[in-house]
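A short worksheet on the structure shown next.
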Amino acid sequence: MAEKPSVPKGTRDFTPEEMLRRNYIFNTIRTVFERYAYVPIETPAMEKLSTLLGKYGDEGDKLLFKVLNSGDYLKKVQDNELAERNPNALVSKISEKGLRYDLTVPFARFVVQHQNELTFPFKRYQIQPVWRADRPQKGRYREFYQCDVDVIGSDSLLNEFELVQIIDEVFTLLNVPVIIKINNRKILLGIAESMGLESQFMNITVAIDKLDKIGEEKVVEELCGFYIDESKAKALLEFFTANGDFISKLQLLKTRLSNSESGQKGIAEIERLWDYFSAANFNAEIELDLSLARGLNYYTGAIFEVKARDVQIGSICGGGRYDDLTGIFGLEDMSGVGVSFGADRIYDVLLQSDRFPEAEMKQSDVLFINFGEKEEAYCLPILADLRKLDLRAEIYPDAAKMKKQMKYADKKQIPWVIMVGEEEMNSGKLKLKNMQSGEEALLTRQEILEKFK
RNA sequence: GUGGAUGUAGCUCAGUAGGUUAGAGCACUGGAUUGUGGUUCCAGGGGUCGUGGGUUCAAAUCCCAUCUUCCACCCCA
């Protein structure tokens, strides 16, 4: 018995209904990106493993999908190596390509590779799927789309501001209330420095990132696990649990981080950014969240994360500044900053909060009922006219029972049906039916074209 | 990667102290209504119970393995 066909774990098919909704999201995002003069690029699904490995930390490396070499992929492997069964040693011999894990690293590669053809600052957007060998859960897939906007080759904070404007504009258009959290890696580094803990910086960021999830006590426990004194761990927490508005948090940082050069820089950056924000008119709520760290270790300056206010689903957009992403590929002094919209999660948010505009989710605008050959010939030119008006118009391909054709229109939620039988052909008036109200009207060809203009 | 749950018709689910032809609702097809959908009524099609082994006279039901989906951790969009 044939097994029921299915797709691999963590991947999905998209039906026409889902695609209409997804395209609504993609189109909205793309429109905003282009409005801010970002240009599109695409990169291959596969990159060389040498491009991908080591850019996302050890955890990230594990989550890379590796592509087996073609042909005899075992030809470089010795028998004794096979017997040792050491996967890490073997992987470099049987695989040299991997599926992209995000769009930022391929973008860095792209910039270095095409540096002489590009005009800097280079502002690009990229909407493509990425793959992670994560264990799937709700809102978490092995194949999902990212919508990235980055600007590279400028360290102006105006770029950060512009990205926040883009975030605000996208979610305003999508009608999703969000909270934009911002922080700065330099401030985090400054906090670590001020306590002589800079060597533990990475561990600290990972631990405090969990603050809202596991609570203060557990975070202290975790910090102590990294050989940090309990007193210092508690002192660290004082920063991250600080309440109050932007000004009061900033004041706390200013007094405590006076001895940290990095901290001072971070404070200056965040202050400047806040000036931009104050002059702007945002719908989103913006919050300085000192416990925001973000896992990816290439971020060096401002970091962002966006959460939906009324749907619980993790972050739906995130990003930050990376001062040296292209350095690994041999191009120094190329500061960049960017954010990534998680289209799949935004989809889930819109669906759960019922925010898809149903009017835009129609598959077809007009259906001609097919009564037979003569009537068909009569309708085809009118159908063509309607299509010229940019309407999505169709004729039922068979002279099937009327009931069946009407049912088709109903299923596809086609708002208008045009019926032309013998009577209509003789009188020269077509019957136009409004499927929602059920009203019918007899109109000439001209009148119908006028109506849909 | 670690731990836990799950899987019966296209969908949502009933059904086990192991025992004839496995059920419902929705969906689908046809009819009532031969030029009218969304409501109603009637009839019908569709499942070797995720897959592969095992125990048993007998397995949807018990055991093992495997895959899927979901949850927590890890990490993250």
Side-chain angles (χ1 to χ4, degrees), chain A residues 1-13 15 25 29 56-64 87-88 100-104 127-148 202 205-207 209-210 213-214 218 222 292-297 304-308 313-319 338-349 367-372 375 396 399-425 430-440:
Chain A
M1 173 83 183
E3 208 173 310
K4 248 181 219 169
S6 61
V7 295
K9 187 199 280 239
T11 65
R12 300 151 295 161
D13 287 326
T15 62
I25 295 172
I29 290 174
Y56 309 104
D58 290 344
E59 284 299 327
D61 285 354
K62 279 187 211 157
L63 298 180
L64 283 175
N88 291 331
R100 69 167 102 78
Y101 178 91
D102 69 2
L103 300 178
T104 306
I127 298 177
Q128 289 190 275
V130 303
W131 294 268
R132 296 183 188 176
D134 213 350
R135 197 175 276 201
Q137 281 180 32
K138 204 181 210 90
R140 185 174 219 185
Y141 310 99
R142 288 186 152 187
E143 176 185 64
F144 60 96
Y145 273 73
Q146 289 194 332
C147 312
D148 273 33
M202 279 309 301
T205 58
V206 171
D209 207 36
K210 300 178 195 165
K213 219 173 183 180
I214 62 178
K218 296 264 181 185
E222 192 149 324
L292 175 64
R294 297 195 58 80
L296 294 177
N297 55 21
F304 314 99
E305 194 160 288
V306 181
K307 292 202 161 186
I313 192 162
S315 78
I316 52 179
C317 176
V339 295
S340 176
F341 291 78
D344 301 85
R345 285 193 179 170
I346 294 171
Y347 179 96
D348 289 344
V349 168
L367 173 75
F368 282 81
I369 298 293
N370 190 328
F371 284 91
E375 292 87 345
Y396 198 87
K401 281 186 187 162
M402 181 118 175
K403 184 182 169 109
K404 187 165 183 172
Q405 301 192 42
M406 291 302 288
K407 223 168 188 165
Y408 174 84
D410 191 50
K411 277 265 161 58
K412 283 184 72 175
Q413 297 186 52
I414 303 174
W416 300 99
V417 166
I418 296 179
M419 284 168 270
V420 184
E422 234 182 296
E423 279 174 43
E424 286 82 4
M425 277 169 55
L430 323 183
K431 190 179 273 182
L432 176 71
K433 175 164 179 147
N434 177 330
M435 288 297 279
Q436 208 174 357
S437 66
E439 280 173 52
E440 296 180 355

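Values below: all heavy atoms of this structure, side chains included; hydrogens, waters and symmetry mates excluded. Everything numeric in this text was worked out from a predicted model, so none of it was measured. The chains referred to below are lettered A, B, ... by the order of the sequence lines, with proteins before strands, and numbering in each begins at 1.
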Q | A:R12 CZ to B:A77 C1', straight-line distance once rounded to whole Å | A | 11 Å
Q. How long is the span from the CD1 atom in A:I369 to the NZ atom in A:K433, to the nearest 0.5 Å?
A. 9.5 Å
(Q) Over all strands shown, is A:E422 touching base, sugar-phosphate only, or nothing at heavy-atom distances under 4.0 angstrom? (A) base
Q: Would you mind reading off the distance between A:R142 atom CZ and B:U68 atom C1', rounded to a whole angstrom?
A: 11 Å
Q) How do A:S315 and A:K62 order along RNA chain B: which one's closest nucleotide is nearer the 5' end? A) A:K62
Q) If we call it a pair only when both distances are under 3.5 Å in a Watson-Crick or G-U wobble match, what pairs with B:G46? A) none
Could you go over nucleotides 3-8 of chain B and give all protein N or O partners under 3.5 Å, atom names and distances?
from : atom 1 : to     : atom 2 : distance (Å)
B:G3 : O6     : A:R135 : NH1    : 3.1

Q: Both distances under 3.5 Å, Watson-Crick or G-U wobble: report the partner of B:C70, or none.
A: B:G4
Q) A:I29 has an atom CD1; how far is it from atom C1' of B:A77, in whole Å? A) 11 Å
Q | Proximal nucleotide (of B:G37, B:U36, B:A77) relative to the A:E440 side chain | A | B:U36
Q: With heavy atoms under 4.0 Å as the rule, sort A:G10 into base, sugar-phosphate or nothing.
A: sugar-phosphate
Q: Quick one: sort the A:Y101 and A:Y56 rings into parallel, tilted or perpendicular, breaks at 30° and 60°.
A: tilted
(Q) Could you identify the nucleotide paired to B:C13, looking across every strand shown and requiring Watson-Crick or G-U wobble geometry with both distances under 3.5 Å? (A) B:G23
Q. Separation of A:I316 atom CD1 from B:A77 atom P, in whole Å?
A. 13 Å
Q. Is there a donor on the side chain of A:K433 or the base of B:U36 sitting less than 3.5 Å from an acceptor on the other?
A. yes
Q: Please say whether more than 12 non-hydrogen atoms of neighbouring residues, nucleotides or ligands are located less than 6.0 Å from CD in A:E440.
A: yes
**Q.** B:C49 versus B:A22 - spacing of their P atoms, nearest Å
**A.** 10 Å
Q) To the nearest angstrom, how far is A:N434 atom CG from B:G37 atom C1'? A) 12 Å
Q. Are A:K404 and A:Y408 linked by a side-chain donor-acceptor pair shorter than 3.5 Å?
A. no
Q.
Within this structure, what is the CD-CZ distance for the pair A:E424 and A:F371, rounded to the nearest 0.5 Å?
A. 6.5 Å
Q) Between the base of B:G35 and the side chain of A:E424, is there a donor-acceptor distance below 3.5 Å? A) yes
Q | Worked verdict on A:D344 versus A:R12 for salt bridge (charged side-chain N to carboxylate O under 4.0 Å, His left out) | A | CA-CA 11 Å; A:D344 301 85; A:R12 300 151 295 161; 2.7 Å; yes
Q: Using whole Å, report how far CG of A:D134 lies from P of B:C73.
A: 13 Å
Q. Which value, in whole Å, describes the distance between the P atoms of nucleotides B:C13 and B:G50?
A. 15 Å
Q) What distance do A:D148 atom CG and A:F341 atom CZ have between them, rounded to the nearest 0.5 Å? A) 9.5 Å
Q: Please state the C1' separation for the pair B:A65 and B:G25 - nearest whole angstrom.
A: 35 Å
Q: Go through B:A77, B:G35, B:C74 for me and flag the one nearest to the A:M402 side chain.
A: B:G35
(Q) Rounded to the nearest 0.5 Å, what separates atom CG in A:L103 from atom OH in A:Y145? (A) 10.5 Å
Q.
Quick check for you: among B:G37, B:C73, B:G35, whose closest atom lies nearest to any side-chain atom of A:Q137?
A. B:C73
Q) Between the side-chain atoms of A:K431 and the base atoms of B:U36, is any donor-acceptor pair under 3.5 Å? A) yes
Q. What distance do A:R142 atom CZ and A:K9 atom NZ have between them, rounded to the nearest 0.5 Å?
A. 5.0 Å
Q) How many angstroms lie between atom CZ of A:R100 and atom CZ of A:R132, to the nearest 0.5 angstrom? A) 12.0 Å
Q: Remember a base hit wins even if backbone is also touched, and classify A:G60 as base, sugar-phosphate or nothing at under 4.0 Å, heavy atoms.
A: nothing
Q) According to the Watson-Crick and G-U wobble definitions, with both distances under 3.5 Å, which nucleotide is paired to B:A65? A) B:U51
Q: Using the P atom as the reference point in each nucleotide, state the distance between B:U20 and B:A58 in Å, no decimals.
A: 14 Å
Q: For A:F341 and for A:A133, locate the closest nucleotide of RNA chain B by heavy-atom distance; then report the residue assigned to the nucleotide nearer the 5' terminus.
A: A:A133
Q | Interatomic distance at P, B:G54 relative to B:G47, whole Å | A | 26 Å
Q. Of the nucleotides B:C74, B:C28, B:A77, which has the atom closest to the A:F144 side chain?
A. B:A77
Polar atoms only, N or O, under 3.5 Å: list the protein pairs with nucleotides 43-46 of chain B and their distances.
none

Q) Going by distance alone, is a donor N or O of one side chain under 3.5 Å from an acceptor N or O of the other, for A:S340 and A:D102? A) no
**Q.** A:K401 side chain, from C-beta outward: closest of B:G31, B:U36, B:A77
**A.** B:G31
Q. When you compare B:U21 with B:A60, how far apart are their C1' atoms, in angstrom units rounded to a whole number?
A. 15 Å
Q. If we take the C1' atom in both B:C57 and B:A43, what is their distance in whole Å?
A. 41 Å
(Q) So if I take every side-chain heavy atom of A:Y141 and compare against B:A77, B:G35, B:A27, which nucleotide ends up nearest? (A) B:A77
(Q) Is it the case that the side chain of A:Q405 and the backbone of A:N370 share a donor-acceptor pair, with hydrogens and angles ignored and the cut-off at 3.5 Å? (A) yes
Q: Would you kindly give the NZ-to-P distance between A:K407 and B:U36, to the nearest whole Å?
A: 13 Å
Q) Tell me: CZ of A:R100 to P of B:C76, nearest whole Å? A) 20 Å
Q) Distance between the C1' atoms of B:G4 and B:U8, in whole angstroms? A) 23 Å
Q. Distance check: side-chain N/O of A:K9 vs OP1/OP2 of B:U68, anything under 4.0 Å?
A. yes
Q: Please tell me which of the listed nucleotides, B:A77, B:U36, B:C73, lies nearest to the side chain of A:R132?
A: B:A77
Q.
Could you go through A:Q413 and A:K411, starting from their C-alpha distance and side-chain angles, then the distance that decides it, and tell me whether this counts as side-chain contact (heavy atoms from CB on, under 4.5 Å)?
A. CA-CA 5 Å; A:Q413 297 186 52; A:K411 277 265 161 58; over 6 Å; no
(Q) At less than 3.5 Å, do the side-chain atoms of A:D410 and the base atoms of B:G38 form a donor-acceptor pair? (A) no
